[in-house]
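Structure first, then comments.
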Amino acid sequence: MLRVAIPERPQWRELAHQLGFHFHTIEGEPYWTEDAYYQFTLEQIEQDIEDPTEALHEMCMDAVDRVCQSDALLHQLNIPERMWGVIRDSWRSGQPHLYGRMDFAYSGNGPAKLLELNYDTPTSIYEAGFFQWLWLEQVIEQRLLPAHADQFNSIQERLIAAFAHIGQRLERDTSAPPSLHFASIKAHEEDRATVAYLQDCALQAGLNAPFVHIEDIGYQPDTDHRCFVDLENRPIRALFKLYPWEEMSDDAFGELLPKMKTHWFEPPWKAILSNKGILPLLWQWNEGHPNLLPAYFDTSDGTSLAPGWVRKPFFSREGSNIELITTSGQHEAVDGPYTDNPRILQAYHPLPRFGERHALIGSWVVGDRACGIGIREDVGRITKDSSCFVPHAIV
């Protein structure tokens, strides 16, 4: 794994704006960067990233099944009891899922180590699935990379295929033309762009794909549809929501969730995998696995953290409220809103460092298959929402 300097494409910012990638710069700081790329060999991708991703995904599916069979485990994961039936029903009825992302520490030598799962509301899929592929095509055209250069990236093809499968399932279950609403919160440019990209993939798969903001979803109690409605009072029989399950269950409509016939994407059983409490369980059930790090439920009073550990809240996104102490005693932490969560402790494993930059590999799973990666880098050891996205190539 190498970080290789390369000239930027002329006018790539104008192209990004034309293609809806308006958040390539965030608050004046670069988010997308292409003055370098990360270089891999095919063997590294296939053996060290792709194969372990699929093996870990199967391990995760087994974990969901175990948790669904146990009240004690659902309680240990701090999942509200009113959601237990919804989660179990979604798993036992085989409700399909769309996608997820595993975050790895990997330097090109030794096994990739799973840091966490982003299996409910993962973002950066537009950058990974579309914009970095366009970058590869154009830098090859400009002879900045050899013609045989490739990329671990079949994300968009897999998304379209997954949406086609979902459409078939919806048509069978609802006896109506397949329609899948898409939703994200208001005033969040990155989330809206992510959902717009997924909408486009769904349209290519033949689905109707109307959009509604999360805040505009309504409910009409005098109907017998037992589903939510959009601003035009159309029933929302299926919904992709870029909104976390733990927040949905606490919202005003949370008590209605068990009564709804809605097909959810991601399905309720993803609440198990989006919870960082799954990491100690994975270690407990697969101790010593080369791609896992030791992890345990944190029962300390929070006043001390021994060197070589990372403390993470059960529910945390974009690096918020994560604290670490390296094996040499260096301390790093990110503030955030997740202060009242139970926490886990995970063994510290350093991200590879290139100059002042620490690189994190996000490995994408779509429809149970590993299909691509995206790389984020930061001067800090904790990857945050402001961490830069850098393209990659197989050479």
**OP:** Would you kindly confirm whether Ile375 and Val379 end up in one hydrophobic cluster when ILVMFWY residues are joined by side chain heavy atoms under 4.5 Å apart?
**Re:** no
Original post:
Distance-only, no hydrogens or angles: does the Asp251 side chain make a donor-acceptor pair with backbone N or O of Phe253 under 3.5 Å?
Top reply: no
Original post:
Within a strict 4.5 Å, meaning less than it, do heavy atoms of the Arg353 and His358 side chains meet?
Top reply: yes
Original post:
Shortest non-hydrogen contact from Pro350 to Ala105?
Top reply: O-CB, 3.9 Å
Original post:
Is the side chain of Gln132 donor-acceptor paired with the backbone N or O of Ile373 at a distance under 3.5 Å, no angle test?
Top reply: yes
Subject >> Tyr37 six-ring centre to Arg9 NZ/CZ under 6.0 Å and within 45° of normal >> reply: no
**OP:** Measure the shortest side-chain to side-chain distance between Leu351 and Leu115 over non-hydrogen atoms and say whether it is less than 4.5 angstrom.
**Re:** yes
Subject >> Residues Ile217, Leu239; criterion side-chain contact (heavy atoms from CB on, under 4.5 Å); working and verdict >> reply: CA-CA 11 Å; Ile217 293 175; Leu239 176 69; 3.9 Å; yes
Original post:
Is there side-chain contact between Asn341 and Asn321, with heavy atoms separated by less than 4.5 Å?
Top reply: no
Original post:
Tell me, do Tyr99 and Pro122 make a side-chain contact under 4.5 Å, heavy atoms counted?
Top reply: yes
Original post:
Between the side chain of Ser93 and the main-chain N/O of Asp89, is any donor-acceptor distance below 3.5 Å?
Top reply: yes
Original post:
How many angstroms lie between atom CD of Glu323 and atom NZ of Lys312, to the nearest 0.5 angstrom?
Top reply: 13.0 Å
Original post:
Are side-chain heavy atoms of Pro7 and Leu144 found at a separation under 4.5 Å?
Top reply: yes
Original post:
What heavy-atom pair brings Leu73 and Arg66 nearest, and what distance separates the two atoms?
Top reply: CD1-O, 3.8 Å
Subject >> Pair Asp120-Lys241, salt bridge (Lys or Arg N to Asp or Glu O under 4.0 Å): steps then yes or no >> reply: CA-CA 9 Å; Asp120 183 20; Lys241 84 288 176 298; 3.1 Å; yes
**OP:** For Ser124 and Glu127, indicate whether the former's side chain and the latter's backbone hold a donor-acceptor pair under 3.5 Å.
**Re:** no
Subject >> Heavy-atom pair of closest approach, residues Ala370 and Thr53 >> reply: CB-CG2, 3.7 Å
Original post:
Is the side chain of Asn153 donor-acceptor paired with the backbone N or O of Gly372 at a distance under 3.5 Å, no angle test?
Top reply: no
Original post:
So which of Phe389, Tyr31, Trp364, Phe21 actually passes ring-ring contact (aromatic ring centres under 6.0 Å, His included) with Tyr126?
Top reply: Phe21
Original post:
Looking at side-chain heavy atoms only, is the closest gap between Tyr296 and Trp309 below 4.5 Å?
Top reply: yes
Original post:
Does one hydrophobic cluster hold both Leu293 and Met102, with members joined at side-chain heavy-atom distances below 4.5 Å?
Top reply: no
Subject >> Any Ile278 side-chain heavy atom under 4.5 Å of Val64 side chain >> reply: no
**OP:** Take atom CD of Glu255 as the centre, draw a 6.0 Å sphere, and report whether it contains more than 12 heavy atoms from other residues, nucleotides or ligands.
**Re:** no
Subject >> Glu8 and Arg13 ion-paired at < 4.0 Å >> reply: yes
**OP:** Identify whether Leu273 and Leu281 are in the same connected component of the hydrophobic contact network (ILVMFWY, side-chain heavy atoms under 4.5 Å).
**Re:** yes
Original post:
Once you round to the nearest 0.5 Å, how far does SG of Cys60 lie from CG of Asp65?
Top reply: 13.0 Å
Subject >> Pairwise distance CG(Leu19) to CD(Glu14) - rounded to 0.5 angstrom >> reply: 11.5 Å
Original post:
If we only count heavy atoms from C-beta on, is the Cys371 to Ile155 side-chain gap below 4.5 Å?
Top reply: yes
**OP:** Is it possible for you to check whether Arg192 lies under 6.0 Å from the centre of the six-membered ring of Phe211, through NZ or CZ, and within 45° of that ring's axis?
**Re:** yes
Original post:
Are Leu77 and Trp245 connected in a single hydrophobic cluster, I mean Ile/Leu/Val/Met/Phe/Trp/Tyr linked by side-chain heavy atoms less than 4.5 Å apart?
Top reply: yes
Original post:
Where do Gln44 and Tyr106 land on the side-chain contact (heavy atoms from CB on, under 4.5 Å) test, with the steps shown first?
Top reply: CA-CA 10 Å; Gln44 286 174 323; Tyr106 175 69; 3.4 Å; yes
Subject >> Charged N-O contact under 4.0 Å between Glu215 and Lys186 >> reply: no
Original post:
Aromatic rings Phe228 and Tyr219: how do their planes relate, parallel, tilted or perpendicular, breaks at 30° and 60°?
Top reply: perpendicular
Subject >> Pairwise distance CZ(Phe163) to CD(Gln199) - rounded to 0.5 angstrom >> reply: 9.0 Å
Subject >> Hphob cluster co-occupancy, Phe23 + Leu134, side-chain heavy atoms under 4.5 angstrom >> reply: yes
**OP:** First locate atom CZ of Phe152, then atom CG of Leu42, and finally report the distance between them rounded to the nearest 0.5 Å.
**Re:** 10.0 Å
Original post:
Angle class for the Phe40/His392 ring planes (parallel below 30°, perpendicular above 60°, tilted otherwise)?
Top reply: perpendicular
**OP:** Considering non-hydrogen atoms only, spot the tightest contact between Val195 and Ser184 and give its length.
**Re:** CG2-CB, 3.9 Å
**OP:** Identify the two heavy atoms, one from Asn291 and one from Pro111, that lie closest to each other, and give their separation to 0.1 Å.
**Re:** ND2-CB, 3.8 Å
Subject >> Phe240-Phe182 aromatic ring centre distance below 6.0 Å >> reply: yes
Original post:
Is the number of heavy atoms from other residues, nucleotides or ligands under 6.0 Å of His75 NE2 greater than 12?
Top reply: no
**OP:** Using distance alone, with no hydrogens and no angle criterion, decide if Asn118 and Asp103 have a side-chain donor and acceptor under 3.5 Å apart.
**Re:** yes
Original post:
Hey, are Asp71 and Arg88 close enough for a salt bridge, meaning a charged N less than 4.0 Å from a carboxylate O?
Top reply: yes
Subject >> Value rounded to 0.5 Å, distance of CG in Asp48 from CD1 in Ile361 >> reply: 9.5 Å
